[in-house]
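No hydrogens, no waters, no symmetry mates; every other heavy atom, side chains included, goes into these values.
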Amino acid sequence: MAMSVQNSSRPQFITSNGNRGISGGPTSPLIDDIGADQIIVPEERSWKNLFAFMGPGFLVSIAYIDPGNFETDLQSGAEYKYELLWIILVASVAALIIQSLAAKLGVVTGRHLAEHCRAEYQKVPNFILWLLAELAVVACDIPEVIGTAFALNMLFNIPVWCGVLITGLSTLLLLFLQQYGVRKLELLITFLVLTMAACFLIELGYAKPQASEVIKGLFVPQLKGSGATGLAISLLGAMVMPHNLFLHSALVLSRKVSRSIHGIKEACRFYTVESAIALTVAFLINVSIISLTGAVCSSPNLSSDDKMKCDDLDLNKASFLLKNVLGKWSSKLFGIALLASGQSSTITGTYAGQYVMQGFLDLRITPWKRNLLTRSLAIIPSLIVAVIGGSAGAGKLIIIASMILSFELPFALLPLLKFTSSKTKMGSYANSIMISALTWITGSLIMAINIYYLISGFIKLLLHSRLKTASKAFAGIFGFGAIFVYFAAIIYLALRKNRKSTQPLLSIDPELEQIPDNNSGNEANSIVCGLPREDIASMQLPQGRSAFDLD
């Protein structure tokens with residue numbers, strides 16, 4: 001039995017050429033005319049289906065090994081050797097929990113996080129959330145731009161300010177990649193991630209850290225002094241990125257999965273496993289960086305100049321330190337890894353911004369304009385700082401960008417936790433009481449740590465500034481007033497009840513294709529497949545307005 005649906009009101013679930021024919025029977029093709037950019041999950045129950053889901057996790061894992069993380073990892077290893085490795089372990093587990101929620105939101109509802117925000121919130125809150133999300137995308141792009149510039153300096157002795165300009169050309173690479181769809185992009189990013197892992201594995205072969213001390217650092221929590229506490233907060237704050245939640249919930253829509261209860265559960269399970277694999281690789285890279293720096297800076301053979309570099313280590317100094325201690329090739333390997341990190345992070349950040357704009361505003365602009373806008377907003381401040389402040393100023397800009405991302409996190413994390421815990425949005429797939437408690441505790445701790453980091457940083461900046469007393473008082477009033485508004489916004493998002501009902505896309509949805517089960521004759525048990533969203537699978541924005549009633 002074959003059934004063709006010509007006028008569906010859900011244009012997101014279409015093949016690349018608009019045909020939506022479906023054939024019945026357990027072994028017959030689910031789609032008569034399959035576009036080349038579609039990623040089809042086999043209907044048979046098998047662990048081999050995992051390979052069809054592989055990809056999105058590696059794209060989002062980039063945010064955990066971007067140049068900003070490199071910077072924090074270097075400082076951690078240089079100052080405290082292996083003592084803070086356990087923070088990376090805790091942060092990675094928390095990241096897996098949160099990212100799995102983002103994937104589940106997209107799989108169950110057929111919408112990504114930004115689209116849910118547009119449907120749920122009124123125009124003013126939605127617009128503010130969009131501005132904050134765009135700021136997060138730009139803030140995550142700044143470390144990528146500077147990190148790539150540092151990498152070019154390490155590998156080819158190109159001045160940092162010139163490297164910043166050269167990174168702008170990678171926009172052309174993004175435009176080139178878009179014509180090949182999301183699958184090719186996932187393969188490229190996976191290759192870059194594995195390149196980073198290989199580089200640091202070779203680096204560890206040079207450095208030879210003590211395995212027993214590394215294991216102790218991973219599983220024995222310790223914080224010695226306020227400096228260690230502050231660095232631990234920085235490590236946690238640099239792990240979970242707000243733009244990642246929007247990106248992950250969108251990328252999972254590139255797969256065609258069965259809209260049966262089993263199909264959705266299987267997709268959620270496989271996406272969690274796939275994310276765990278990708279985040280494990282990212283975890284090992286972070287551990288390698290800290291272990292590498294810890295072994296190098298604790299070496300008894302360090303010269304006085306190298307010891308000074310360890311006392312104030314950043315991305316730029318790390319290359320010269322490794323070169324002096326471990327040899328020229330060690331510095332080159334670090335540069336290659338940093339270049340791979342910067343370029344891959346830039347790609348994923350740009351696409352996150354693309355889906356943020358589409359989701360919050362339903363605004364369509366051509367990809368090259370979107371890429372140029374995002375890159376310009378990151379390059380301009382990076383270039384100014386690199387020209388005026390040099391490498392040191394560029395390194396400090398990475399820290400400022402990390403603080404902005406810490407500030408931004410609640411405005412992406414809170415809606416995600418609320419939506420995935422809501423039965424009006426997730427139906428029977430809503431988080432259980434135990435999962436809700438775990439995720440809210442995890443999310444609250446991360447937000448509390450970030451807020452503490454921001455407030456303590458502001459107070460230190462105020463106390464150590466050279467402003468006059470009256471100026472300090474004015475800055476304090478203005479700063480704490482802004483903090484009050486910030487808290488009020490967080491409380492509003494946390495306490496506001498969800499008002500829009502968006503039940504999961506299941507086989508009983510009358511607007512989806514249904515294939516009656518010939519054996520049972522029960523249409524409710526039919527096998528229904530939601531086709532992948534063309535705007536996600538092809539990495540292009542949809543051409544027509546969504547019919548999801550997004551306000």
Side-chain angles (χ1 to χ4, degrees), residues 15-16 34-42 46-66 99 102-103 106-107 112 144 147-148 151 167 169-201 243-244 246-257 267 270-285 336-355 367 371 531-541:
T15 62
S16 58
I34 298 175
D37 57 2
Q38 292 186 351
I39 304 169
I40 307 301
V41 179
S46 171
W47 64 269
K48 295 180 181 179
N49 288 357
L50 174 63
F51 293 103
F53 292 99
M54 296 293 288
F58 281 92
L59 266 72
V60 300
S61 71
I62 287 298
Y64 300 93
I65 44 177
D66 68 355
Q99 293 297 159
V107 170
H112 55 78
E144 278 76 78
T148 302
T167 56
L169 298 178
S170 62
T171 298
L172 300 177
L173 174 64
L174 298 180
L175 296 174
F176 177 74
L177 289 174
Q178 280 184 313
Q179 62 182 309
Y180 294 106
V182 66
R183 196 58 162 170
K184 302 298 187 299
L185 180 72
E186 291 169 352
L187 291 174
L188 173 63
I189 296 298
T190 302
F191 171 76
L192 293 175
V193 170
L194 296 179
T195 298
M196 281 184 270
C199 288
F200 284 114
L201 182 63
H243 74 283
N244 236 20
F246 296 106
L247 180 64
H248 202 177
S249 62
L251 289 174
V252 297
L253 300 178
S254 63
R255 269 63 174 171
K256 168 186 174 292
V257 299
F270 278 141
Y271 273 126
T272 301
V273 173
E274 186 257 351
S275 297
I277 294 172
L279 291 178
T280 298
V281 176
F283 164 74
L284 293 176
I285 291 175
I336 292 171
L338 184 58
L339 182 63
S341 172
Q343 284 302 293
S344 54
S345 300
T346 295
I347 292 171
T348 56
T350 300
Y351 283 122
Q354 195 161 300
Y355 298 133
N371 296 341
L531 305 185
R533 287 181 48 168
E534 186 181 18
D535 55 322
I536 308 296
S538 64
M539 303 305 291
Q540 301 287 339
L541 293 176

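- How far CG of Leu284 is from CG of Leu279: 11.0 Å, rounded to the nearest 0.5 Å.
- Taking Glu274 as the reference, nothing meets the side-chain hydrogen bond (donor to acceptor under 3.5 Å, both in side chains) condition, with sequence neighbours excluded.
- In this structure, the side chains of Phe53 and Val273 stay at 4.5 Å or more apart for every pair of heavy atoms.
- Shown here for Phe246 and His112, the closest heavy-atom pair between the two residues is O-CB, 4.4 Å.
- Annotation for Phe58 and Val281: closest pair CE2-CG2, 4.5 Å, computed over non-hydrogen atoms.
- Listed here is the closest heavy atom pair of Arg255 and Ala52: NE-O, 2.9 Å.
- Tyr64 is listed as a side-chain neighbour of Asn244, based on a closest heavy-atom distance under 4.5 Å.
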Review item, side-chain donor-acceptor pairs of residues 187-198, under 3.5 Å, at least two apart:
residue: Thr190; atom: OG1; partner: Glu186; partner atom: O; Å: 2.7
residue: Thr195; atom: OG1; partner: Phe191; partner atom: O; Å: 2.8

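- Across every non-hydrogen atom of Cys199 and Ile336, the tightest pair is SG-CG2, 3.9 Å.
- Using modelled atom types, no side-chain atom of Ser345 and backbone atom of Gly342 make a donor-acceptor pair closer than 3.5 Å.
- Interatomic distance, Ile285 CD1 to Leu201 CG, rounded to the nearest 0.5 Å: 10.5 Å.
- With sequence neighbours excluded, no residue forms a side-chain hydrogen bond (donor to acceptor under 3.5 Å, both in side chains) with Asp66.
- Here the shortest heavy-atom pairing between Pro56 and Leu251 reads CB-CB, 3.9 Å.
- Heavy-atom minimum distance, Ser344 versus Ile62: OG-CD1, 3.2 Å.
- With values rounded to the nearest 0.5 angstrom, Gln343 atom CD is found 7.5 Å from Thr167 atom OG1.
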